[in-house]
Protein chains: 2
Amino acid sequence: MKTSQPGVVARVPLTRERVLAGAAEIADGSGIGALTMRSLAHALGAKPMSLYHHVANKDEILDALVDLVFSEVEVPSEAPDGWRAAMEARAHGMRAALARHPWAVGLMETRTTPGAANLRHHNATLGVLRRSGFSLDAAGHAYALMDSYIYGFALQEAGLPVGKPDSDPQVVQAMARSIPADELPYLAEMAMDRALQPDYRFSAEFDVGLAIILDGLAGLLPQHPERLLNNPT
Amino acid sequence: MKTSQPGVVARVPLTRERVLAGAAEIADGSGIGALTMRSLAHALGAKPMSLYHHVANKDEILDALVDLVFSEVEVPSEAPDGWRAAMEARAHGMRAALARHPWAVGLMETRTTPGAANLRHHNATLGVLRRSGFSLDAAGHAYALMDSYIYGFALQEAGLPVGKPDSDPQVVQAMARSIPADELPYLAEMAMDRALQPDYRFSAEFDVGLAIILDGLAGLLPQHPERLLNNPT
DNA sequence: ACCTGAACACCGTTCAAGT
DNA sequence: ACCTGAACACCGTTCAAGT
């Protein structure tokens, strides 16, 4: 059988789906820096120029990758348990997807044209808020706050030395221990007495911050007239 | 005078400082994608290889650029107006610096070795919190929450079509108007009735979310025993 | 010591040519 | 219709050679 080649998937016609799936696999496995048109083509058993028959250019691949991450997050439902449970589930789903694909959050800065899954996700989330009694302004505030938090948390997680390919606990320990306690006492304290403790997991911080944010958002509902909806100054 | 060249700064010896300042200027003016060893050398009136006598490689330049942004943010002071005013000032300063250098937040994902200004900034912020009565855990929670919010907000601002080089208001209007109101009603409503209103500015959302977060952090102080400090479950 | 010409192993992408 | 060889204009970086 001359079609089979060692280490390469047997001859299968290229499709846009196969190209995008291959791109995601490379980015997940070797980082976004390892994703080149040449490496992608090679992984698919084709030549670089063949890719251009299925995608316009690399930018289109990156746009599609971001939307692929959004498509993995379950769209917020009719909220049988109320808006708070729906927002918690969405936040957890979004953060999990961004943790599975650490390259995604860094890509968002440059990608300005949102994909279909992105739009659908945004629309559904806003829908839950609006139908739960949030005014248009309140829903806007809530969305900006929650998304900033989710994306920023994912950004910090992606930048952490832990959990990455080069995650040598000894290196992390050494880095933290190299903090000069006389010059940076508070940072040294935080590293030694908290972040480096064996039971500490940064990811657990997510729920703490999320609870504070959702508590605050509850105050934007009209049932809580003690807080002004629009201009809290 | 044969040393003067058209369009090029007269012969000045390269230094690490000049290299980094030039790199920041290119990134600010033309985007991080336009910053190459070759373009940087050309802007400094030198050849690409000369740069390697002052920096180890491009990675070192990117690390230094991120730290340069941190160095522009005033370090939180002894908090004469209390921790809340200090945290507000820090958040505003940090967000302003990230808005001035939109490429910085995207860089943070990949840069894992924090610079001196970064460490100093973190240490000072933690110091204000600790001396204001936040426990070690509470300060850790507060820091993760505030930084996630600040970075995430900056990430969203950097991704917005508005305020960028290609910020044609007609294009933005057209993009928003292309949202199918039957499929994505809540998104269309948010775009048309709020985000596209002439007096709307996304940057104003920052203070709304920040106030909610700081309100929540106040609840972590021991003076507020109604909220558990460590495990809010 | 500081600078640089030439070269190497890469990029994304175009174009003309193959089947 | 789908694929690709050759080529173009780029990258970051090394090495040996210049002053």
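Letters A, B, ... mirror the listed sequences (proteins, then strands); counts begin at 1.
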**Asked** Can you list every pair that meets salt bridge (charged side-chain N to carboxylate O under 4.0 Å, His left out) and has a residue in residues 172-185 of chain A, with sequence neighbours left out?
**Response** none

**Residues in side-chain contact (heavy atoms from CB on, under 4.5 Å) contact with B:Ala117, at least two apart in sequence or another chain** = B:Asp67, B:Phe70, B:Ser71, B:Arg120

**Request:** Calculate the interatomic distance between A:Glu60 atom CD and C:dT13 atom P; express it in whole Å.
**Result:** 11 Å

**Between C:dG12 (P) and A:Leu51 (CG): distance, integer Å** = 10 Å

**Complete:** Pairing string of DNA chain D (Watson-Crick or G-U wobble, both atom distances under 3.5 Å; | = paired to other strand) is ||.|||||...|||||.||

**Request:** Apply ring-ring contact (aromatic ring centres under 6.0 Å, His included) to B:His122 and list each qualifying residue two or more places apart in sequence or on a separate chain.
**Result:** B:Tyr143

**Message:** B:Ala176: which residues meet the side-chain contact (heavy atoms from CB on, under 4.5 Å) condition with it, sequence neighbours left out?
**Reply:** B:Ala191, B:Leu196

**Asked** NE2 of B:His42 versus C1' of C:dT4: gap in Å, rounded?
**Response** 16 Å

**Item:** Integer-rounded Å distance: D:dT4 P and A:Leu40 CG
**Value:** 13 Å

**Message:** Can you measure A:Arg18 atom CZ to D:dC2 atom P for me and round it to whole angstrom units?
**Reply:** 14 Å

**Distance in angstrom units between B:Asn57 CG and D:dG12 P, rounded** = 11 Å

**Listed partners of B:His92 passing side-chain hydrogen bond (donor to acceptor under 3.5 Å, both in side chains), at least two apart** = B:Asp207

**Prompt:** Looking just at side-chain N and O atoms, do A:Arg201 and A:Ser203 make a donor-acceptor pair shorter than 3.5 Å?
**Reply:** yes

Check nucleotides 8-11 of chain C against the protein and report each pair of N or O atoms closer than 3.5 Å, with its distance, or say if there are none.
from: C:dC11; atom 1: N4; to: A:Arg38; atom 2: NH2; distance (Å): 3.4

**Message:** Tell me whether the side-chain N/O atoms of B:Ser50 come closer than 4.0 Å to OP1 or OP2 in C:dT4.
**Reply:** yes

**Item:** Cation over ring face, A:Arg95 and A:Phe206, 6.0 Å, 45°
**Value:** yes

**Request:** For B:Leu44 and C:dT4, give me the distance from atom CG to atom P, rounded to whole Å.
**Result:** 11 Å

**Message:** Going by the rule ring-ring contact (aromatic ring centres under 6.0 Å, His included), which residues pair with B:Tyr52 if we only count those two or more places apart in sequence or in a different chain?
**Reply:** none

**Message:** Restricting to side-chain hydrogen bond (donor to acceptor under 3.5 Å, both in side chains), what partner residues turn up for A:Asp28, sequence neighbours left out?
**Reply:** A:His101, A:Trp103

**Message:** A:Phe202: which residues meet the ring-ring contact (aromatic ring centres under 6.0 Å, His included) condition with it, sequence neighbours left out?
**Reply:** A:Phe153

**Complete:** In B/S/- notation (B base, S sugar-phosphate only, - none; protein heavy atoms under 4.0 Å), nucleotides 14-19 of chain D written 5' to 3' is B-----

**Complete:** Across all chains, not counting sequence neighbours, the ring-ring contact (aromatic ring centres under 6.0 Å, His included) partners of B:Tyr186 are none

